[in-house]
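These notes concern the structure reproduced below.
This one's a predicted model, so the numbers in the text were calculated from it and none came from an experiment. Within every chain, numbering begins at 1; the chains are lettered A, B, ... in the order of the sequence lines, protein sequences first and strands thereafter.
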Amino acid sequence: MMNNKQLADTFTLIANLSEIKGENIYKTLAYRKAADSLMSLGREASEYWKEGKLKEIPGVGAAIAEKIDELERTGRLEFLERLKKEVPVGLVEWLPIPGLGPKRAALIWKTLNITSLAELEAAAKEGKLRNLPGMGAKSEAAILEGIASLGRRSTRLPLGKAYPLAQELCEQLKKVKGVVDAQPAGSLRRMRSTVGDLDILVASRDPAAVMDAFVKLPRVHRVLGRGDTKSSIEFNDGMRAQLWVHPPEKFGTALVYATGSKDHNVRLREIALSRGLSLSEHSFLKVKDDSEIFCATEEEVYKTLGLPWIPPELREDRGEIQAAKANKLPRLIQLKNIKADLQTHSTWSDGKLSMLEMARAAAKRGMKVIAFTDHSVSLGVTGGLSMEDHKKQAAEIRKIQKQLGDSILVLHATEVEIKADGTLDYPDEFLATLDLVVASLHTGLRQPREKVMQRVLNAIRNPHVDIIGHPTGRLIPDREGADIDMEAMLQAAKESGVAMEINAHPARLDLDDVPARRAKELGIPLSINTDAHSESDLDLLFYGVATGRRAWLEPKDVINCWSTDKLLKWLKKRK
DNA sequence: GCCGTTTTCGGCCCGACTGTTTTCAGTCG
């Protein structure tokens, strides 16, 4: 059995090899499309396969369905094995090198008869590339530089790192003379949990001045390209940023273009064409008479297409265009809708502030309810609480509640450890005495799927557990989550009525958008919490909200948006 | 290879930038 990631990787490999082979470009695109589609699918493709419904997956037709079938049945794919014999698989390692695409890879491979990254580097150093047709000394140097940068570059950047950086870049660019506006775009504006590079859009009538400032930013390692309206740079740490500059009257079309996603933009352009318009980052061009329509705002762009404005978090071609056409876009949750923080830590375990300080900080940020979910006893490194400690904590909560008055309601809760043996860290009789129970995995994350699933299902089915905290345990970018059968986990959650968390910490964002959307589809309540260990952690809530927005969540889907009454009733009913 | 409120065949988004060229191919997003 193969999971969606493995299938997507397989089709991406086919796409890359086909492209080097020189196969019809639309075939290549079809494989890439199928790979993307599999990655944004809420359920495992293997489920569709069992039901004989593979072709219901967008981008999967007869040919790709057959290939998935063969992979599911035999674990291998004859088509891919043959392809690998035609095109050496080592060549795909060349493709991430900037300026080296499939055509040149094929040219170098066939003329010089080399297939590995090491051989490519050697050939470039020996000056063997500059004499190939269409290439010269500059291309050769660019390839060498590109190989060197592969080591420097991390893969994708966590949103939590990229977001503040992009804000900072925009602030610097706004100081440049003539700049009217500077906004982050790309996957960062769509708030993906990781981003490939930073995309910045600037409105100005003096693009040259902005370009000058951009390429001279601190820590710039090299300039990858510089034109009249577009430039890109690489920083010392390998991170890349690109900049577009457009005059204010074109800012709307330019922002839509720069925000993407690519697939979303393709859809918009198709709609434009069906209305006799050609859409680019500059304008709508009337096909009939070549006259132009300019849009200073995104709203005007979508309006011209007969659509309501679509929030950036939805722009992934996952049904948002159809929903917009039918006027059925979700009324997405907003930061201000969140009234309760149901996972926080205090000095009772590994938090930095006392409960009183944390509660006041949360109240200051508009929270009406805060739950202290200090760690349970077995998580020793965090100073986990014994049941005896909990009695003292309960007394302390009664005390601070008096001081806090009705500014914020404090819940006595726990983040109880789902231990490696599958049991919870406290007995049921004790859990029953708490206001709220979050159960989480922190240890034994590398256990085999069967074992880890047995643990998680045990926690989900425990009637005292209200929320499953950061369900996969992943840490961005260093640690993959546990080997969870997501569909089985969500089905169990649906049965037990437990809420699934979207942990707002940018190193977690767990659940991520795709499984969270599937949870909503199944009617499972979601809970967006900061997991704050300090006051500043409380300000990370918007990352969780953004992930929820990417999952199409509305206030009714998220227990943190409910009125205090409704939340307390829900908790009581679960006892 | 996928897909269809014109289509089951014939399309499939659009432009910027670079390096190598004398008008364009390759790459990228």
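Spacing between atom CD of A:E270 and atom P of B:dC12 amounts to 9 Å, rounded to whole angstrom units. The interatomic distance linking A:D317 (CG) with B:dC2 (C1') rounds to 13 Å, in whole Å. Rounded to an integer number of Å, the gap from A:L279 CG to B:dG15 C1' is 11 Å. Between A:I233 atom CD1 and B:dC17 atom P there is a gap of 15 Å when expressed in whole angstrom units. Protein atom NZ of A:K262 is 13 Å distant from nucleotide atom C1' of B:dA16, rounded to whole Å. In this structure, A:I143 atom CD1 and B:dG19 atom P are separated by 12 Å, rounded to whole Å.
Ion pairing between A:K494 and A:E521 fails under the 4.0 Å rule for side-chain N and carboxylate O. Between A:R267 and A:E320 no salt bridge is recorded (no basic side-chain N to carboxylate O distance below 4.0 Å).
Dashed line: the shortest gap from a side-chain N or O of A:H282 to OP1 or OP2 of B:dC14 is not under 4.0 Å. The shortest distance between the side-chain N/O atoms of A:S139 and the OP1/OP2 oxygens of B:dT20 is below 4.0 Å. Between A:T229 and B:dC17 there is a side-chain N or O to OP1 or OP2 distance below 4.0 Å. Contact check, A:S278 against B:dC14: a side-chain N or O comes under 4.0 Å of OP1 or OP2. Phosphate proximity of B:dC12 to A:K27: absent, as no side-chain N or O sits under 4.0 Å from OP1 or OP2.
Proximity of A:R318 to A:R550: side-chain heavy atoms (C-beta onward) are separated by under 4.5 Å at one or more points.
Counting any heavy atom pair closer than 4.0 Å across all strands shown, A:A62 reaches sugar-phosphate atoms only and no base atom. Looking at heavy-atom distances under 4.0 Å, A:K325 makes no contact with the nucleic acid at all. At a threshold of 4.0 angstrom between heavy atoms, the contacts of A:I25 with the nucleic acid are absent. In this structure, A:D228 reaches the sugar-phosphate backbone alone: every heavy-atom distance under 4.0 Å involves primed, P, OP1 or OP2 atoms, never a base. Residue A:Y31 is classed as a sugar-phosphate contact, given heavy-atom separations below 4.0 Å to backbone atoms only. Among the protein residues, A:K103 comes within range of the sugar-phosphate backbone only, with heavy atoms under 4.0 Å from sugar or phosphate atoms but none that close to a base. Residue-level contact check: A:I14 touches neither bases nor backbone, having no heavy atom under 4.0 Å from any strand. Backbone-only contact: A:A137 has heavy atoms under 4.0 Å from sugar-phosphate atoms and none from a base.
Inspection of the A:E171 and A:Q167 side chains reveals no N or O donor paired with an N or O acceptor under 3.5 Å.
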List the atom pairs, donor and acceptor, that lie under 3.5 Å between side-chain atoms in residues 127-134 of chain A and the rest of the protein, sequence neighbours left out.
from: A:K128; atom 1: NZ; to: A:E126; atom 2: OE1; distance (Å): 2.9
from: A:R130; atom 1: NE; to: A:E140; atom 2: OE1; distance (Å): 3.0
from: A:R130; atom 1: NH2; to: A:E140; atom 2: OE1; distance (Å): 2.9

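Under the Watson-Crick or G-U wobble criterion, with both distances below 3.5 Å, B:dT8 has no partner in any strand shown.
Where stacking is scored as ring centres under 5.5 Å apart with planes under 30°, A:Y26 registers as stacked on the base of B:dC12.
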